[in-house]
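One structure is given here, and the rest of the page talks about it.
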Amino acid sequence: MGLFTLAEARTELARLRPVLDEVITLRADMVELSAALVPGGEPTSLGGLPERKAAEARLNELMTEIQETGAELKGVAPLLVDFPADLDGVPVLLCWLEGDTDITWYHRADLGFAGRRPLPDDAA
């Protein structure tokens, strides 16, 4: 898929916002449906096993849609999306975490989330 510039990653993130919002909603629905399905679980107005399976199928579709952009879905709770990029000749991942309003963090591909740093001011 190639590398993203920061501007391209931000554009793709904006395009993916409705998909990401739906992932967050489905994630919560699946937790509630799963809790209702355990013995003694509190019933939910969301439904039962068929609705749980449908939510899981839709979540898989959305995760595939994200991955097909070239972005890397790294987690769903919290939602974490990385965009492969190059920063001053170093392979990095531009990092968006659920709750972030913009892409303002990155980490080297070999360091993972623990190596997350704010983007330098001149990265734009």
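Computation of the quantities below employed the complete heavy-atom set of this structure, encompassing side-chain atoms and omitting hydrogens, waters and symmetry-equivalent molecules.
When all heavy atoms are compared, the tightest approach of P84 to L93 is CA-CD2, 3.6 Å. Across every non-hydrogen atom of A85 and L3, the tightest pair is N-CD2, 3.9 Å. Shown here for W96 and D82, the closest heavy-atom pair between the two residues is N-OD1, 4.4 Å.
The existence of a salt bridge linking R27 and E98 is confirmed by a sub-4.0 Å separation between a basic side-chain nitrogen and an acidic carboxylate oxygen. One finds no salt bridge joining E56 and K53 here, because no Lys/Arg side-chain nitrogen approaches an Asp/Glu carboxylate oxygen to under 4.0 Å. Taking a cutoff of 4.0 Å between a charged side-chain nitrogen and a carboxylate oxygen, R10 and D100 do not qualify as a salt bridge.
Distance alone, capped at 3.5 Å, is enough to place a donor-acceptor pair between the T25 side chain and the D21 backbone. A donor-acceptor pair under 3.5 Å links the side-chain atoms of E51 to the main chain of G48, judged by distance alone.
Residue L62 forms a side-chain contact (heavy atoms from CB on, under 4.5 Å) with just one option from L73, V23, V76, and that option is V23.
Counting heavy atoms from C-beta on, the side chains of K74 and F113 never come closer than 4.5 Å. By the 4.5 Å heavy-atom criterion applied to side chains, H107 and V92 are not counted as neighbours. Within the 4.5 Å cutoff, the side chain of I103 has no heavy atoms near those of the C95 side chain. Side-chain contact between R15 and T11 is absent, with no heavy atoms from C-beta onward closer than 4.5 Å.
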Exercise. Could you walk me through whether R52 and L37 pass the side chain to side chain contact (heavy atoms under 4.5 Å, CB included) check?
Worked result: CA-CA 9 Å; R52 167 72 173 67; L37 291 170; 3.9 Å; yes

Exercise. Which is it for T69 and L16 under the side chain to side chain contact (heavy atoms under 4.5 Å, CB included) test, yes or no, and what are the steps along the way?
Worked result: CA-CA 9 Å; T69 68; L16 283 172; 4.1 Å; yes

Problem set entry | Candidate pair L87 and L94, rule side chain to side chain contact (heavy atoms under 4.5 Å, CB included), full reasoning | CA-CA 9 Å; L87 189 59; L94 302 173; 5.9 Å; no

Problem set entry | Steps toward side chain to side chain contact (heavy atoms under 4.5 Å, CB included) verdict (T44, L33) | CA-CA 7 Å; T44 175; L33 286 161; 3.9 Å; yes

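Under a hydrophobic-cluster definition in which Ile, Leu, Val, Met, Phe, Trp and Tyr are linked whenever side-chain heavy atoms come within less than 4.5 Å, directly or via other members, L13 and L97 are assigned to different clusters. A continuous path of ILVMFWY side-chain contacts below 4.5 Å connects F4 to L6, so both sit in one hydrophobic cluster. Cluster annotation: V19 and L80 are assigned to distinct hydrophobic clusters (Ile/Leu/Val/Met/Phe/Trp/Tyr, side-chain heavy-atom contacts under 4.5 Å, transitive). Under the 4.5 Å side-chain heavy-atom criterion for Ile, Leu, Val, Met, Phe, Trp and Tyr, L119 and F83 are members of the same hydrophobic cluster. Two different hydrophobic clusters hold V38 and V31 under the rule that ILVMFWY side chains link at heavy-atom gaps under 4.5 Å.
At most 12 non-hydrogen atoms from other residues, nucleotides or ligands lie less than 6.0 angstrom from CZ of R117. For D88, the CG atom counts as loosely surrounded, since its 6.0 Å shell holds 12 or fewer non-hydrogen atoms of other residues, nucleotides or ligands.
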